[in-house]
Amino acid sequence: MQESIMGIMHMALDQARQAGDRGEIPVGAIIADAQGQIIAAAGNQVEALCDASAHAEMLVMRAACLAQGQKFLENCDLYVTLEPCPMCAGAIALHRLRRVIFAAYDPKSGGVEHGPRIFDQPTCHHRPEIIGGVEEQAAASLLTGFFQRLRS
């Protein structure tokens with residue numbers, strides 16, 4: 001695996017840790033351009049913003065569009081610590097991201113490799129390259145630890 005992919009995923013994991021420390025489900029996301037330059041970073045803010053759509057992916061795509069002054073992210077890659085849900089996958093297609101690299105798979109709520117598989121639908125107008133399982137164990141451990149602490 002490319003060194004830059006791993007390095008950027010580690011940054012996404014840092015965003016996830018920070019989200020968990022704030023009491024959010026620990027999911028982090030980074031948008032980088034094709035050369036690996038970071039454009040935007042975010043962690044979940046569902047609780048802080050009282051907004052069920054404030055997933056890390058949604059926040060980082062909005063921030064990257066603002067930073068670049070454009071509505072599409074065609075030459076950008078999304079790094080996220082959890083397989084995107086159907087809502088985020090739909091937004092990824094609308095933003096025309098080049099590639100999605102995610103860490104942990106989400107059999108229950110995922111929308112890329114599980115569930116509705118948004119990018120495989122005939123009505124989906126854009127399918128990014130998908131790379132799953134990058135630093136999967138680290139992301140899964142963050143999530144498992146977070147939910148164990150909630151239940152105890």
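Between Leu13 and Leu142, some side-chain heavy-atom pair lies under the 4.5 Å cut-off. No side-chain heavy atom of Glu83 sits under 4.5 Å from any side-chain heavy atom of Ser109. Taking the side chain as every heavy atom from C-beta outward, Met58 and Cys88 approach each other to under 4.5 Å. Proximity of Pro107 to His114: side-chain heavy atoms (C-beta onward) are separated by under 4.5 Å at one or more points. Contact of the Pro84 side chain with the Glu57 side chain is registered, since non-hydrogen atoms from C-beta on lie closer than 4.5 Å. Under the 4.5 Å side-chain criterion, counting only non-hydrogen atoms from C-beta, Leu143 is in contact with Pro26. The shortest distance between side-chain heavy atoms of Asp51 and Val46 does not fall below 4.5 Å.
Across all their heavy atoms, Phe102 and Ala104 have their closest contact at CD1-O, 3.4 Å. Residues Glu47 and Glu24 share a closest heavy-atom pair of N-OE1, 2.9 Å. Looking at every heavy atom in both residues, Leu59 comes nearest to Ala42 through CB-CB, 3.9 Å. Contact detail for Met9 and Val134: the closest heavy-atom pair is CG-O, 3.8 Å. Minimum interatomic distance between Pro116 and Gly110 (heavy atoms only, all atoms of both residues): CD-O, 3.8 Å.
Taken to the nearest 0.5 Å, the SG atom of Cys85 stands 8.5 Å off from the CG atom of Asp106. Rounding to the nearest 0.5 Å places CE of Met11 at 4.5 Å from CD1 of Ile38. Rounded to the nearest 0.5 angstrom, Arg99 CZ and Ile131 CD1 are separated by 4.5 Å. Between Ile30 atom CD1 and Ile8 atom CD1 the span is 8.0 Å, to the nearest 0.5 Å.
Residues satisfying the side chain to side chain donor-acceptor pair (under 3.5 Å) criterion with Glu129, sequence neighbours excluded, are absent altogether. Every residue meeting the side-chain contact (heavy atoms from CB on, under 4.5 Å) condition with Ala29, not counting sequence neighbours, appears here in chain and number order: Ala56, Val60, Leu78, Val80. Remark: Arg22 engages no residue in a salt bridge (charged side-chain N to carboxylate O under 4.0 Å, His left out) (not counting sequence neighbours). By the side chain to side chain donor-acceptor pair (under 3.5 Å) test, Arg127 is found to be paired with Asp120, residues two or more places apart in sequence or in another chain being considered. For Leu66, there are no side-chain contact (heavy atoms from CB on, under 4.5 Å) partners two or more places apart in sequence or in a different chain. Checked against side chain to side chain donor-acceptor pair (under 3.5 Å), Asn44 has no partners two or more places apart in sequence or in another chain. In terms of the salt bridge (charged side-chain N to carboxylate O under 4.0 Å, His left out) criterion, residue partners of Asp14 (sequence neighbours excluded) are, by chain and number, Arg17. Considering only residues two or more places apart in sequence or on other chains, Ala63 meets the side-chain contact (heavy atoms from CB on, under 4.5 Å) condition with Ala40. Partners of Ala89 by side-chain contact (heavy atoms from CB on, under 4.5 Å), not counting sequence neighbours, listed by chain and number: Val112, Ile118, Phe119. Judged as a side chain to side chain donor-acceptor pair (under 3.5 Å), and not counting sequence neighbours, Arg62 has no contacts. Every residue two or more places apart in sequence or in another chain that forms a salt bridge (charged side-chain N to carboxylate O under 4.0 Å, His left out) with Glu74 is listed here: Arg96.
Heavy-atom contacts from other residues, nucleotides or ligands closer than 6.0 Å to CG of Asp21 number more than 12.
Listed for the Glu135 side chain is no donor-acceptor partner under 3.5 Å among the backbone atoms of Ala103. One N or O on the side chain of His126 and one on the backbone of Leu97 form a donor-acceptor pair closer than 3.5 Å. Between the side chain of Thr81 and the backbone N or O of Gly28 there is at least one donor-acceptor pair closer than 3.5 Å. Using a distance-only test at 3.5 Å, with no hydrogens or angles considered, no donor-acceptor pair links the side chain of Gln37 to the main chain of Ala32.
Taken together through direct or relayed side-chain contacts under 4.5 Å among Ile, Leu, Val, Met, Phe, Trp and Tyr, Ile130 and Ile5 form parts of separate hydrophobic clusters. Val100 and Ile39 fall within a single hydrophobic cluster, where Ile, Leu, Val, Met, Phe, Trp and Tyr are joined by side-chain heavy atoms under 4.5 Å apart, directly or via other members. Hydrophobic clustering (side-chain heavy atoms under 4.5 Å, transitive across Ile, Leu, Val, Met, Phe, Trp, Tyr) groups Phe147 together with Val27.
Within the structure, ring pair (Phe, Tyr, Trp, His ring centres under 6.0 Å) contacts touching residues 41-96 (residues at least two apart or in different chains) do not occur.
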>> Under the criterion side chain to side chain contact (heavy atoms under 4.5 Å, CB included), I'd like the reasoning laid out for Met61 against Cys76: C-alpha separation, chi angles, the key distance, then a yes or no.
In response: CA-CA 10 Å; Met61 287 186 287; Cys76 295; over 6 Å; no

